[in-house]
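Report on one structure; see the data block that follows.
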Amino acid sequence: MREDIDKILVSVDELDEITSRLGKKISKDYEGEELLLCGILKGSVVFMADIMRKITIPCSIDFMCVSSYGSDTRSSGAVKIIKDLSQDIAGKNVILIEDILDTGVTLSHLSQMLSVRNPKSLRICTLLDKPERRKSDVIPDYVGKQVPDEFVVGYGLDYDEKYRNLPYIGILKREIYE
Ligand code: IMP
Ligand code: MG
């Protein structure tokens, strides 16, 4: 798999630093409050597993699965719910855990949909942020790292369902998808 990667963008050590920093901040911000982390499948699975162990206050977790990408590297614009949360979020402090905020179409749809369910609060925590490609006005509350407009894989992020198991985040060679 390493041969398909142009450059490592976020190393294993840096990922550990990022999840520690965000986990500490979230623990402080929600001290004394109930917290529900909602992971957006499948891309957030590794990030979720790491950040939840860096959070030192009690919290619950849930997952939602949406799709906007096929085997392409550009968003289709449509967001489809494949699996909904398994609980009512009314009155709860919810943080959406996302792998990457790109155009923002996915999170903008999701935030609107979930805010109708009357959570006490709704925030967004994204591991990566690609601000150059933003098409919607989503503003993330917690960001791991800003990245350039390149297609990245690893640490949960895929191209055509592959590379999710790379322990770091790397830029995928263009020849793989062009
Ligand atoms: P958005 O709706 O354009 O913000 O797309 C967000 C989703 O697209 C993310 O949750 C990812 O699943 C996927 N995505 C966007 N950019 C990348 C990338 O560089 N690598 C892998 N997946 C990506
Ligand atoms: Mg994805």
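Both counts, for ligands and for their atoms, begin at 1 and track the order of listing. These figures come from a predicted structure and were not determined experimentally.
Taking each heavy atom of L101 and T126 in turn, the nearest pair found is N-OG1, 3.4 Å.
For the pair G104 and ligand 1, the shortest N or O to N or O distance falls below 3.5 Å. When only interatomic distances are considered, the shortest N/O to N/O separation between V152 and ligand 1 falls below 3.5 Å.
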Could you check E31 against K28 for salt bridge (Lys or Arg N to Asp or Glu O under 4.0 Å), going step by step and ending with a plain yes or no?
CA-CA 5 Å; E31 206 175 342; K28 195 166 161 257; over 6 Å; no
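Interface atoms of ligand 1 facing D99, defined by a heavy-atom separation under 4.0 Å, are 9 (C), 10 (O), 11 (C), 12 (O). Those atoms of ligand 1 with a heavy atom of L157 less than 4.0 angstrom away are 20 (N), 21 (C), 22 (N). Interface atoms of ligand 1 facing K130, defined by a heavy-atom separation under 4.0 Å, are 16 (N), 17 (C), 18 (C), 19 (O). Applying the 4.0 Å criterion to heavy atoms of T106 picks out, from ligand 1, the atoms 1 (P), 2 (O), 5 (O), 6 (C). Atoms of ligand 1 lying under 4.0 Å from at least one heavy atom of D102, given by number and element, are 1 (P), 3 (O), 4 (O), 5 (O), 15 (C), 16 (N). Atoms of ligand 1 found under 4.0 Å from any heavy atom of V105 (numbered from 1 in listed order, with element): 2 (O), 4 (O). Remark: ligand 1 atoms within the under-4.0 Å shell around heavy atoms of E150 are 19 (O). The E98 neighbourhood of ligand 1 comprises atoms 10 (O), with distances under 4.0 Å to a heavy atom of that residue.
For I81, the CD1 atom counts as densely surrounded, since its 6.0 Å shell holds more than 12 non-hydrogen atoms of other residues, nucleotides or ligands. Within 6.0 Å of atom NZ in K173, more than 12 heavy atoms from other residues, nucleotides or ligands are found, so the atom counts as buried in its surroundings. When the shell of 6.0 Å around CD of Q87 is examined, it contains more than 12 heavy atoms from other residues, nucleotides or ligands.
For D16, the salt bridge (Lys or Arg N to Asp or Glu O under 4.0 Å) partners at least two apart in sequence or on another chain are K54.
Between Y142 and Y30, the ring planes lie tilted relative to each other; the angle falls in the 30° to 60° range.
No heavy atom of K135 sits closer than 4.0 Å to any atom of ligand 1. Between R133 and ligand 1 there is no heavy-atom distance shorter than 4.0 Å. At least one heavy atom of D158 sits closer than 4.0 Å to an atom of ligand 1. Ligand 1 is never approached by G43 to a heavy-atom distance shorter than 4.0 Å.
We find that R134 and D129 are joined by a salt bridge, their nearest charged nitrogen and carboxylate oxygen being less than 4.0 Å apart.
At a threshold of 4.5 Å between non-hydrogen side-chain atoms, the residues M48 and I61 count as touching.
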